[in-house]
Amino acid sequence: MGQGVRVNVEYVSANPTGPLHIGHCRGAVVGDALANLMTKAGYSVTKEYYINDAGNQITALAWATYWRYLQAIGTDLSEEAYAEEVPGGLQYRGDYLVPVAEALAATHGGALATPEKGIAAPDVWFHTVRECALEMMMASVREDLAILGVKQDVYSSERALAEAGATDRMIERLRGDGLIYEGVLEPPKGKTPDDWEPREQTLFRATQFGDDVDRPLRKSDGSATYFANDIAYHDDKLRRGADILIDVLGADHGGYVKRMTAATKALGGRLDVLLCQIVHVLKDGQPLRMSKRAGTFITLRDLLDEVGPDAVRFTMLTRKSDAQMEFDIAAAVAQTRENPVFYVQYAHARCRSVLRAAAEMFGAAVDAGGLGEIPLESLADDAEMTLIRRLASWPRAVEAAALAREPHRIAFFLYDLAGDFHTLWNRGREDAALRFLQPDRVTESLARVALVAATATVIRSGLAVMGVEPVEEMR
RNA sequence: GCACCCGUAGCUCAAUUGGAUAGAGCACCAGACUACGAAUCUGGGGGUUGGAGGUUCGAGUCCUUCCGGGUGCGCCA
């Protein structure tokens, strides 16, 4: 279906200012599964991560890391005294910066501070600290993603792009198209910021492409907005060779969809946005509330340790991404039918179990390739036909899901398929004639083995799209 | 105030993109284990798809409006 069409799927793209948390998890899983799904449907897919390594939050990260560094070399400075010296205040206080500080202390000793272990001039330490922090944060992000089973093809740097002049070039290009002007925006109705005052900014005519208001590309001091850099980045993705761009974003970026879609249109490209709504994590029936300030946010790593990557991924895909979801930790690890992960895995394990028994009973006829020649006319029972129909609808289900950008459909398909298979299996308990393996009826048995093998293949294939490992046996 | 997302069985969610009688699981009721693994399965009850209009041969799906929940709204990213 997607033959020749090049798709760029961008997802996660978390700011490298700390470890990934649950809020990032859904986007990571949905984006990865969508990319796999598009690949399965025949598109040529690039998986991409956008590193927001420019802007104030990275400066704040550097200052926070520097505080930990001063601590690591044994400063006398109090946290309060330090925070007063930080432009904008000390924003990140998490322990996760301690290893970065230790690495800095190990490499540079006290050289990044004054002899009294106080704050040195920024040109002494800032660049070094920022680069080290960025590098180690991204390494930790990648590590977490690897455990989740996510590996992206391209990691793009916002700063590198901006420093190469991409933002300026993009603005001039749009200016040439008559889409840029200098002007003053109206304050938002009903919720005017306290410090509002009219300022002239460089604006993009987003309203010409369906947005509600024109959007600023330069702040009043002339520096580029995040949006401007992001347009340049989307332009870069298009130029690298992509026919369709897909952004997987968190719900807090909902207000961003129209303007980015509009901007991509202005660049002559196409952007689809998948919005992943909030996930509420339940533990023992109680919602876990995330708060960065209180330090109680759940990291992705915590969740993976507790639930395991397969259950995390499957469970995240049991809901349409634009609907809010509850993630019940207990339910995700439950070994019952209520848990789709288990139910589907169990179906696959049963398939494999039958195939192992069949190989022992019938030998070489069951091996790969041998089943293709088996006459299948004997498969006529209702339960068998239901299963066959389901299997036959697999390619269409993949296409429809890819077209709709809805990877969760694969999870539901597999759940239904597993149900069909379990039903057939259990028919064999009531009616011995429906059992898969019957030593005295080789042809019928092999036809059923072929059906079981096909079921295992489709389950395996669907799980691969979701990034979940099929299991050979439950234990 | 404005924009976007959601509202479907008591609960958690589907519905092949506008198609036939809206489907699953949990919970509830009634059944099935001398097994190719019952960690399962079979059957049953349960619905004015948040409300009201409209488009259509046909609407959970599209349009208008209201109600409720969520997210966001220049010089953060």
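Predicted model, so just to flag it, every value in this text is computed and none were measured. Residue numbers start from 1 in every chain, and the chains themselves are labelled A, B, ... in the order their sequence lines are given, proteins ahead of strands.
Glycosidic conformation of B/U65 is anti; the angle lies outside 90° of 0.
Distances were taken from every side-chain heavy atom of A/Gln324 (C-beta onward) to each of B/C5, B/G69, B/G37; the shortest belongs to B/G69. Considering only the side chain of A/Asp252, B/G72 comes nearest among B/G72, B/C75, B/C5. Proximity note for A/Tyr226 (side chain, C-beta onward) versus B/A77, B/A38, B/U16: the nearest is B/A77. Among the nucleotides B/G74, B/C4, B/A35, the one closest to any side-chain atom of A/Arg435 is B/A35. Considering only side-chain atoms of A/His422, the nucleotide from B/U17, B/C6, B/C41 that sits closest is B/C41. Which of B/C6, B/G74, B/C41 sits closest to the side chain of A/Thr423 comes down to B/C41.
Base pairing of B/A30 is made with B/U42, judged by Watson-Crick or G-U wobble geometry with both donor-acceptor distances under 3.5 Å. Using N1 to N3 plus N6-O4 or O6-N4 for Watson-Crick, or N1-O2 and O6-N3 for G-U wobble, each under 3.5 Å, B/G47 pairs with nothing. Taking a pair to require two hydrogen-bonding distances under 3.5 Å in either a Watson-Crick or a G-U wobble arrangement, B/G60 remains unpaired. Across all strands shown, B/C11 is found opposite B/G25 as a Watson-Crick or G-U wobble partner, with both distances under 3.5 Å. Across every strand in view, B/C2 sits in a pair with B/G72 that passes the Watson-Crick or G-U test at under 3.5 angstrom.
Across the protein-nucleic acid pair, A/Leu414 atom CG and B/A14 atom C1' stand 15 Å apart, rounded to whole Å. Rounding to whole angstrom units, CZ of residue A/Phe342 and P of B/G25 are separated by 16 Å. The distance from atom CG of A/Asp211 to atom P of B/C73 is 14 Å, rounded to the nearest whole Å. Here B/A32 presents its C1' atom at 14 Å from CZ of A/Arg427, a figure rounded to the nearest Å. Following rounding to the nearest Å, A/Glu326 (CD) and B/C6 (C1') show an atom-to-atom distance of 13 Å. Taking atom CG of residue A/Asn339 and atom C1' of nucleotide B/C26, one finds them 13 Å apart after rounding to whole Å. Going from atom CZ of A/Arg409 over to atom C1' of B/G23 covers 15 Å, rounded to whole Å. Computed from coordinates, the A/Arg259 CZ to B/U71 P distance equals 18 Å when rounded to whole Å.
When the nearest nucleotides of RNA chain B are assigned to A/Asp416 and A/Arg350 by heavy-atom distance, the more 5′-ward of the two goes with A/Asp416. Both A/Arg396 and A/Asp212 lie near RNA chain B, and the one whose nearest nucleotide falls closer to the 5' end is A/Asp212.
Using a 5.5 Å limit on the distance between ring centres and a 30° limit on the angle between planes, the aromatic ring of A/Trp425 counts as stacked on the six-membered base ring of B/C36.
The residue A/Glu158 sits close only to the backbone: its heavy atoms come under 4.0 Å of sugar-phosphate atoms, none of a base. Among the protein residues, A/Phe412 comes within range of the sugar-phosphate backbone only, with heavy atoms under 4.0 Å from sugar or phosphate atoms but none that close to a base. Nucleic acid contact class of A/Ala404 (heavy atoms, under 4.0 Å, all strands): base. The residue A/Glu406 sits close to a base: some heavy atom pair falls under 4.0 Å. No contact: A/Ala401 has no heavy atom under 4.0 Å from any strand. Residue contacts for A/Val354: at a heavy-atom cut-off of 4.0 Å it reaches a base atom on one of the strands shown. A/Phe227 comes within 4.0 angstrom of nothing in the nucleic acid, heavy atoms only.
If you take atom P in B/G47 and the same atom in B/C11, they sit 13 Å apart, rounded to whole Å. Here the separation of B/G70 from B/A27, taken at their C1' atoms, is 27 Å to the nearest Å. Remark: the separation of the C1' atoms in B/G1 and B/U16 is 40 Å, to the nearest Å. When the P atom is compared between B/A22 and B/U65, the two are found 30 Å apart, to the nearest whole Å. Rounded to whole Å, the C1' atom of B/G72 lies 31 Å from the corresponding atom of B/G54. Between B/U55 and B/U64, the two C1' atoms lie 11 Å apart (nearest whole Å). Between B/G69 and B/U8, the two C1' atoms lie 15 Å apart (nearest whole Å). Between B/U61 and B/U48, the two P atoms lie 16 Å apart (nearest whole Å).
Between A/His422 and A/Tyr343, the ring center distance clears the sub-6.0 Å criterion.
Between A/Tyr256 and B/G74 there is no side-chain N or O to OP1 or OP2 distance below 4.0 Å. Of the side-chain N and O atoms in A/His408, one or more sit less than 4.0 angstrom from OP1 or OP2 of B/A15. Considering only side-chain N and O atoms, A/Thr225 lies nowhere under 4.0 angstrom from the phosphate OP1 or OP2 of B/G74. For the pair A/Lys219 and B/A77, the criterion of a side-chain N or O lying under 4.0 Å from OP1 or OP2 is met. Between A/Ser353 and B/G37, a side-chain N or O to OP1/OP2 separation shorter than 4.0 Å is present. Under 4.0 angstrom from either OP1 or OP2 of B/C76 there lies at least one side-chain N or O belonging to A/Asn56. An OP1 or OP2 oxygen of B/C4 is reached within less than 4.0 angstrom by a side-chain nitrogen or oxygen of A/Lys258.
Electrostatic pairing of A/Asp272 and A/Arg270 counts as a salt bridge here, judged by a charged N lying under 4.0 Å from a carboxylate O. Under the 4.0 Å criterion applied to side-chain N and carboxylate O atoms, A/Glu182 and A/Arg175 are assigned as salt-bridge partners. Salt bridge A/Arg356/A/Glu472: present, at least one basic N to carboxylate O contact under 4.0 Å.
If you check the side chains of A/Tyr256 and A/Asp230, you find a donor sitting under 3.5 Å from an acceptor.
A/Tyr233 and A/Tyr50 have parallel rings, their planes meeting at less than 30° on a 0 to 90° scale where 60° marks the start of perpendicular. The aromatic rings of A/His408 and A/Phe412 stand perpendicular to each other, their planes meeting at an angle above 60°, with 30° marking the opposite boundary.
No side-chain donor-acceptor contact under 3.5 Å links A/Glu406 to the backbone of A/Ser321. Between the side chain of A/Arg169 and the backbone N or O of A/Ala164, at least one donor-acceptor pair lies under 3.5 Å.
Evaluation of atom-type donor-acceptor distances gives no pair under 3.5 Å for the side chain of A/Arg319 against the base of B/C13.
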